[in-house]
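First the structure, then my questions, so here it is.
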Amino acid sequence: MLNSGLRSLVSLLAFGCTLLPAALASPLKVENVARADSWPYGPLVTSGRDMKNTRGGNVVYAGTNWPGHGEVMIPDGLQYQSIQTIVSKIKSAGMNAIRLTYAIQMIDDIYSNGGKDTTVKDSFTKALGSTNGPKVYSQFLAKNPSFNDSTTRLQVFDAVAAECLKQQVFVHLDNHMSKAAWCCSTNDGNAWFGDRDYNVDNWVRGLTYMANHGKNWPALTSMSLRNELRKPDGGLSSSYNWQNWYTNIKKGTNAIHGANPDLLIFLSGLDFDTYMTPVVQGTALSPGSGKFSTADFSGYANKLVLEIHNYQNSANNCNSLKSSLYNSGFQALHADDAKAANVFPVLLTEFGFDMAGSAWQGTYATCIAQYLAEQKAGWFIWVVSGSYYIRSGGQDFEETWGLLKHDYSDWRNSAYVENGLKPLAKATAQG
């Protein structure tokens, strides 16, 4: 998600290396088994503008973002409620998917530690300090008693995926940041390939690792490459262009597909992932003359999906907002448009607004909902979290955009959930 000041502005070493032995980061013993003839009826593929399951039915994600890319490096809110409670709350609104975010740093730490993942206990202390860390960790254990002092960060992700399988909630895994922290700004060191904290080899290694690890998660049906690519401050800005984007995203897609060919792979665009127009229209990827071609994704062109974000919260004209969404990427849903050189499924993987007031009744929120329903397009609202363990240095940070209250006990704005969120989920969710 963009920082508040940016919301209106328009994510080969590892692929060639040997993965760490699975035993070194084995998943928690959870009920996480699926049969080929059972939900989610995967692996999913694309057919034109649609995502399809093995029964030939359309799959449309209707969900919410659940951040796990912060400094603690586990999904937020678990000191307040159990995994089961949070997933149940998501499901109760008619949503069928989560966009589960993570930081590459989590995988870097595993490699740096000889294949051993960090315990949640140590992670809380490192992120929140020697006083608050153990306190919040004890709250985490009280709400999630199946965990103990040996539980690792990845095992928490395993448990989230297992609960999603149990409740038939799709898991879309999103690499949000390289260095675990709040996202996003142009000077955070995570903006672009080769940025201070965005080591491309480590990124590819991390995608490979998580795609391989995700074989343990039947509910995992897709992964993204990177959240909100953006022009970095400083000298690296000269490399910020579509040509370099294409070079690097092919490294990422090859890594994910090579490790786990079952997964759909989401491609995000530039300027905080607010547009994918050159890919959709098949125009030159500047400053070069090359163009996006599905032939460059040999053997898995039917695994590619586009995603965009939109935070045009000041919009006051619905038709203008719909036109912006169409031109930014949703044009790819329309094979009947001669300018749509490449047809893909397109999802709005981030949008949102302050839940504290009546923004849900304004032009932006109502128009986004109307458009998604009209397009039968997938979406993930930002954000389920009522608070974060830590955000930009502030601990137990209040999130007024959160669907849930600070302590994740109930909806922050029940009027929106009943009259906005649930109708949107009902109008779109499939699969």
Less than 4.0 Å between a side-chain N and a carboxylate O, is that true for Lys89 and Asp410?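 Yes.
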Please examine the side chains of Pro67 and Trp382, heavy atoms only from C-beta on, and report whether any two atoms are closer than 4.5 Å. yes
If you take the centroid of each ring, where Trp contributes its six-membered ring, are His172 and Trp217 closer together than 6.0 Å? no
Rounded to the nearest 0.5 Å, how far apart are CD of Gln84 and CD1 of Ile86? 11.0 Å
Please confirm whether Lys322 makes a cation-pi placement over Tyr326, using NZ or CZ under 6.0 Å from the six-membered ring centre and within 45° of the ring normal.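 Negative - Lys322 is either too far from the ring of Tyr326 or too far off its axis.
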Keeping the roles fixed (side chain from Thr64, backbone from Val384), state whether a donor-acceptor pair exists under 3.5 Å. yes
Is the closest side-chain heavy-atom distance between Asn310 and Thr274 below 4.5 Å?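 No - every pair of side-chain heavy atoms lies 4.5 Å or more apart.
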Look at the side chain of Thr366 and the backbone N and O of Gly362, then say whether any donor-acceptor pair between them is shorter than 3.5 Å.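 Side chain of Thr366 to backbone of Gly362, a donor-acceptor pair under 3.5 Å: yes, one is there.
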Donor-acceptor side-chain pairing of Gln395 and Tyr389 below 3.5 angstrom: no
Check Glu398 with Arg412, please: is the shortest side-chain N to carboxylate O separation under 4.0 Å? yes
Would you name the heavy atoms of Met95 and Leu403 that are closest together and state the gap between them?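 That closest heavy-atom pairing would be CE-CD1, 4.0 Å.
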Verify the distance criterion only: is there a donor paired with an acceptor across the side chains of His176 and Thr101 at less than 3.5 Å? no
For the aromatic rings, using the six-membered ring if either is Trp, is the centroid distance between Phe170 and Phe380 under 6.0 Å? no
Are the side chains of Phe330 and Ile308 in contact, using a 4.5 Å heavy-atom criterion? yes
Judged by atom type as modelled, is there a donor-acceptor pair below 3.5 Å linking the side chain of Asn65 to the main-chain atoms of Thr349? yes
Which atom names give the shortest non-hydrogen contact between Ala427 and Ala373, and what distance separates them? CB-CB, 4.0 Å
Thr151 side chain near Thr119 side chain, heavy-atom distance below 4.5 Å: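 Side chain of Thr151 against side chain of Thr119, heavy atoms only: no contact under 4.5 Å found.
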Please check if the side chain of Lys303 supplies one atom and the backbone of Val45 the other of a donor-acceptor pair under 3.5 Å. no
Does Asn313 use its side chain to pair, donor to acceptor, with the backbone of Asp354 at less than 3.5 Å?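 The answer is no, because no donor-acceptor pair under 3.5 Å joins these two groups.
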Quick check: does any side chain N or O of Asp271 sit under 3.5 Å from a backbone N or O of Lys231, one acting as donor and the other as acceptor?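 Checked: no pair found.
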Side chain to side chain donor-acceptor pair (under 3.5 Å) evaluation trace for Asp233 with Thr186: CA-CA 6 Å; Asp233 294 348; Thr186 58; 3.0 Å; yes
Pairwise side-chain contact, Phe193 with Asn244, heavy-atom cut-off 4.5 Å (strictly under): no
Measuring from atom OG1 of Thr125 to atom NZ of Lys135, what distance do you get when rounded to the nearest 0.5 angstrom?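 The NZ atom of Lys135 is 14.0 Å from OG1 of Thr125, to the nearest 0.5 Å.
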Presence of salt bridge, Arg205 and Asp108, under 4.0 angstrom: yes
Value for CD (Gln139) from CG (Asp407), rounded to nearest 0.5 Å, stands at 11.0 Å
Does Asp188 form a side chain to side chain donor-acceptor pair (under 3.5 Å) with Tyr198? I'd like the steps, not just the answer. CA-CA 10 Å; Asp188 61 11; Tyr198 192 171; over 6 Å; no
Aromatic ring centroids of Phe140 and Phe147 under 6.0 Å? yes
Any donor-acceptor N or O pair under 3.5 Å, side chains Thr85, Ser88: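 No donor-acceptor contact under 3.5 Å links the two side chains.
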Quick one: closest heavy-atom pair of Val280 and Gly329, and the distance?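 So the two residues come closest at CG2-O, 3.8 Å.
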Can you tell me if Ser328 uses its side chain to pair, donor with acceptor, with the backbone of Ser324 under 3.5 Å? yes
For a 4.5 angstrom cut-off between non-hydrogen side-chain atoms, does Trp182 reach Phe397? no
If you round to the nearest 0.5 Å, how far is CG of Asn419 from CG of Leu424?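 Leu424 CG to Asn419 CG: 13.0 Å, rounded to 0.5 Å.
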Distance, nearest 0.5 Å, that separates CG of Asn216 from CG of Leu165: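 Atom-to-atom, Asn216:CG and Leu165:CG are 12.0 Å apart.
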Any side-chain donor near an acceptor of the partner, Trp192 and Ser239, under 3.5 Å: yes
Test item: Ser224 and Glu307 side chains (from C-beta on) under 4.5 Å apart, heavy atoms: yes
Is the distance between the ring centroids of Tyr416 and Trp411 under 6.0 Å?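 Aromatic pair excluded; centres sit 6.0 Å or further apart.
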Could you check whether the rings of Tyr275 and Trp242 sit parallel, tilted or perpendicular, using 30° and 60° as the cut-offs? perpendicular
Does Lys166 reach the main-chain N or O of Ala161 with its side chain, forming a donor-acceptor pair under 3.5 Å?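 Side chain of Lys166 to backbone of Ala161, a donor-acceptor pair under 3.5 Å: no, none is there.
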With sequence neighbours excluded, what pairs up with Asn53 under the side-chain contact (heavy atoms from CB on, under 4.5 Å) test? Tyr41, Leu44, Arg55, Val59
Is the Trp245 to Tyr240 ring centre distance short of 6.0 Å?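 They do not qualify: ring centres at least 6.0 Å apart.
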Hey, is NZ on Lys126 packed in by over 12 heavy atoms from elsewhere, all under 6.0 Å? no
Can you name the side-chain contact (heavy atoms from CB on, under 4.5 Å) partners of Val305, sequence neighbours left out?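 Applying side-chain contact (heavy atoms from CB on, under 4.5 Å) to Val305 gives Thr46, Met51, Leu264, Phe266, Pro345, Leu347.
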Step-by-step side-chain contact (heavy atoms from CB on, under 4.5 Å) determination, Gln105 to Met73: CA-CA 9 Å; Gln105 183 182 340; Met73 289 181 256; 3.5 Å; yes
Donor + acceptor pair across side chains of Thr221, Tyr61 (<3.5 Å):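 Thr221 vs Tyr61: donor-acceptor pair found between side chains.
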So does Lys215 have more than 12 non-hydrogen atoms from other groups sitting under 6.0 Å from NZ?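 Buried by this count: over 12 neighbours within 6.0 Å.
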Under a 4.5 Å cut-off applied to non-hydrogen side-chain atoms, are Asp109 and Asp117 in contact? no
Have Thr363 and Asn316 got a donor and an acceptor in their side chains that come within less than 3.5 Å? no
Roughly how far, to the nearest 0.5 Å, is CG of Asp76 from CD of Gln81? 13.5 Å
Between Thr428 and Trp379, do the side chains contain a donor N or O and an acceptor N or O under 3.5 Å apart?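 The answer is yes; a qualifying pair exists.
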Could you tell me whether a side-chain N or O of Asp122 sits under 3.5 Å from a main-chain N or O of Thr118, the two making a donor and an acceptor?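 Checked: no pair found.
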Hydrogens and angles aside, do His213 and Asp158 bring a side-chain donor and acceptor to less than 3.5 Å of each other? yes
I'd like to know if Arg99 and Glu350 make a salt bridge, using a cut-off of under 4.0 Å between side-chain N and carboxylate O.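 Here Arg99 pairs with Glu350 in a salt bridge, since their nearest N and O are under 4.0 Å apart.
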Donor-acceptor side-chain pairing of Asn58 and Lys52 below 3.5 angstrom: yes
Carefully, step by step, assess Tyr364 and Gln312 under the rule side chain to side chain donor-acceptor pair (under 3.5 Å). CA-CA 7 Å; Tyr364 170 77; Gln312 294 176 274; over 6 Å; no
Counting only N and O atoms by type, is there a donor-acceptor contact under 3.5 Å from the side chain of Trp203 to the main-chain atoms of Asn175? no
Do His406 and Asp396 get their side chains close enough for a donor-acceptor pair, meaning under 3.5 Å? yes
Taking the six-membered ring for Trp, is the centroid-to-centroid distance between Tyr300 and His257 below 6.0 Å?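 They qualify: ring centres under 6.0 Å apart.
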For a salt bridge (charged side-chain N to carboxylate O under 4.0 Å, His left out) check, start with the C-alpha distance between Lys376 and Asp50, then their side-chain angles and the critical distance, and finish with the verdict. CA-CA 10 Å; Lys376 298 296 182 185; Asp50 298 314; over 6 Å; no
